[in-house]
J.: 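There's a structure below that I have some questions on.
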Amino acid sequence: MMKHLLRIILAILIFPVETMAYYNVTEAESPERFPILGNGKSAVVYYDNGDFESVKTVAGLLSDDVKRVTGKSLKLKEGKVSGKYAIIIGTIGHNAVIDNLIAQGRLDISGIKGGTEQYTVATIDKPADNVDKALVIAGTDRRGTAYGVFDLSEAIGVPALYWWADAPVKKHKSLYISPVAFQSKRPSVKYRGIFINDEGWGITPWAKNGLDADINDIGPKTYAKVCELILRMKGNMLAPAMHPSSAAFNKYPENAKVADRYGIIMTSSHCEPLLFNNVTEWNKETMGDWNYVTNRRGILDVLDNRVKTNSPFENIYTIAMRGIHDSGIVGVSKENEVALVESVIDDQRGLLTKYIDAPIESIPQIFVPYKEVLDTYERGLRLPDDIILVWPDDNYGYIKRLNDKNERNRRGGSGVYYHISYLGEPHDYLWLNTTPPGIDVGRDVKGL
């Protein structure tokens, strides 16, 4: 199959994943163990129809994972729990059965209450009438629930890279879970994800000839697999393909729906303001020049429409402006560049509050001082305190700049945009020749 030969350049933030050691999975049956499947017993996966769509998605994937391990899938049901053995998955406040167990004091959430992307896993005897045992996976939010579900998948033998890298699935004839009571920690990094980059020679041709052959492009079927991978790796964020070789993510409305169906937050690269891909979406003949000095209204119109269209979904918005594709801003002198970019930022934040009913400080935004933008920033750019500073490497794997003393106190915090490899004449380096993360030791890095 083509996927076996797939090679993709991905800029990946590696983030800590909690161990599955709290699970004891065995093929041996005993009275105290919860039977997922074996010896004529089979659990049923329950979810609440009022829960998030992503919870229903991962419920189906859990059933599929059990089939990958045992050859037999689990039944899915929504609503009232019945039958001897139940795997109850859901989000606190969105699943009536889970909320009832919490109210009865039978499901402990003391360690995750009010948390973000956390979950509890517990085996409970007699959780409801006519139910002998339940394995309950409850999340503080939709991604917390998903992480808890995929912990179980990994524990029974399905690795996160089972599909993309053909990581072998451990086969079992039966699956039993020893009694468990576990509550996860809050993620140490708030946004963790993948940027699909240099896709023209890798994933896009593969998608055109494979999963998305019907549209001859990278599209929703490919993005569904990417989103699944991110969730399984306990990520929450995706910046999609953006080069001219592939259509813009928002060309196909189903792409955003797919990301939401998996609970993935969408963002964009350093040169795509407010999720707008000016490489393929900007038409100079009908829209004019991508020049904020001479065509401010034209640019704001397309950004206005993009925020309006995508605001129902979870997003992290790239703020400020560069030129078309991966080029510097045009139409302004160096002396006026800082003032212009500050004006751009003010205009963009106005669009966000126009369509998103939340304080501007709570709307996720990033500023990426990549290439010439770092020079603009260091000339005194006034950046609102709530915007996340995302420090890039210099394309060779060296982080040129990180937070100084004042920046460490910013409300928005900071992140890293790092190339594991780079494609671009005359200095590309790919995969095995990549540079490990590093910083210029000549800079002030105290307190990092």
Side-chain angles (χ1 to χ4, degrees), residues 11-16 114-117 185-195 235-239 265-275 303 307 314-322 329 337-354 356-394 398-419 437-448:
I12 303 176
L13 289 181
I14 303 301
F15 38 88
T116 301
E117 298 183 346
K185 296 178 182 178
R186 185 190 296 263
S188 56
V189 177
K190 187 171 184 178
Y191 300 115
R192 314 165 302 279
I194 292 173
F195 169 30
N236 58 11
M237 176 187 74
L238 170 63
I265 308 168
M266 291 306 303
T267 187
S268 58
S269 76
H270 49 81
C271 49
E272 296 175 88
L274 302 188
L275 310 176
L303 298 183
V307 176
E314 271 192 282
N315 302 296
I316 302 170
Y317 296 91
T318 298
I319 293 295
M321 187 176 178
R322 298 186 69 211
I329 195 169
E337 202 171 69
V338 170
L340 178 68
V341 174
E342 289 178 350
S343 176
V344 170
I345 292 172
D346 289 342
D347 288 343
Q348 290 173 348
R349 283 162 69 88
L351 293 180
L352 293 178
T353 55
K354 179 179 178 180
I356 301 173
D357 186 18
I360 188 63
E361 296 83 6
S362 67
I363 301 172
Q365 302 156 70
I366 58 175
F367 174 80
V368 188
Y370 181 57
K371 290 186 176 178
E372 80 290 337
V373 182
L374 178 58
D375 296 332
T376 304
Y377 174 72
E378 292 191 324
R379 289 204 304 273
L381 178 72
R382 175 183 56 84
L383 190 68
D385 191 60
D386 57 276
I387 295 177
I388 303 166
L389 268 169
V390 179
W391 299 110
D393 67 300
D394 64 352
Y398 293 95
I399 305 295
K400 295 179 69 175
R401 170 89 152 75
L402 288 170
N403 293 335
D404 61 20
K405 181 178 179 181
N406 293 327
E407 289 158 347
R408 285 197 290 272
N409 295 320
R410 296 181 72 259
R411 188 191 326 173
S414 62
V416 171
Y417 159 48
Y418 178 74
H419 296 80
I439 56 175
D440 182 347
V441 296
R443 305 295 294 235
D444 178 13
V445 295
K446 293 179 181 179
L448 296 177

J.: Return the minimal non-hydrogen interatomic distance between Pro273 and Ala320, and the atom names on each side.
T.: CB-O, 3.5 Å
J.: Say whether, by atom type as modelled, one donor and one acceptor occur between the side chain of Glu407 and the main chain of Asp404 under 3.5 angstrom.
T.: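 Such a contact is found between Glu407 side chain and Asp404 backbone.
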J.: Just one of Leu389, Ile388, Asn403 clears the side-chain contact (heavy atoms from CB on, under 4.5 Å) bar with Arg410, so which one?
T.: Leu389
J.: Quickly, which of Leu303, Ile366, Ile356, Ile387 forms a side-chain contact (heavy atoms from CB on, under 4.5 Å) with Tyr317? Name it, please.
T.: Ile356
J.: Does one side chain, of Glu272 or Thr318, offer a donor that lies under 3.5 Å from an acceptor on the other?
T.: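 Absent: no donor and acceptor within the cut-off.
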J.: Who are the side-chain contact (heavy atoms from CB on, under 4.5 Å) partners of Asp347, not counting sequence neighbours?
T.: Tyr292, Arg296, Leu300, Ser343
J.: With sequence neighbours excluded, what pairs up with Glu361 under the side-chain contact (heavy atoms from CB on, under 4.5 Å) test?
T.: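 If we apply the side-chain contact (heavy atoms from CB on, under 4.5 Å) test to Glu361, skipping adjacent residues, the hits are Pro359, Asp386, Arg411.
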J.: For the residue pair His270 and Tyr417, categorise the inter-ring angle as parallel (less than 30°), tilted (30 to 60°) or perpendicular (more than 60°).
T.: tilted
J.: Could you report the tightest heavy-atom contact between Arg192 and Pro187, atom names first, then the distance?
T.: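 Distance-wise, the nearest heavy atoms are NH1-CB, 3.5 Å.
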J.: Closest approach of Leu351 and Leu274, non-hydrogen atoms and distance?
T.: CD1-CD1, 4.0 Å
J.: How many angstroms lie between OH in Tyr370 and CH2 in Trp391, if you round to the nearest 0.5 Å?
T.: 15.5 Å
J.: Mind listing the closest non-hydrogen atom pair of Met266 and Leu275 along with its distance?
T.: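 That would be O-CD2, 4.2 Å.
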J.: Quick one: list whatever passes side-chain contact (heavy atoms from CB on, under 4.5 Å) with Glu342, sequence neighbours left out.
T.: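 If we apply the side-chain contact (heavy atoms from CB on, under 4.5 Å) test to Glu342, skipping adjacent residues, the hits are Val338, Leu381, Arg382.
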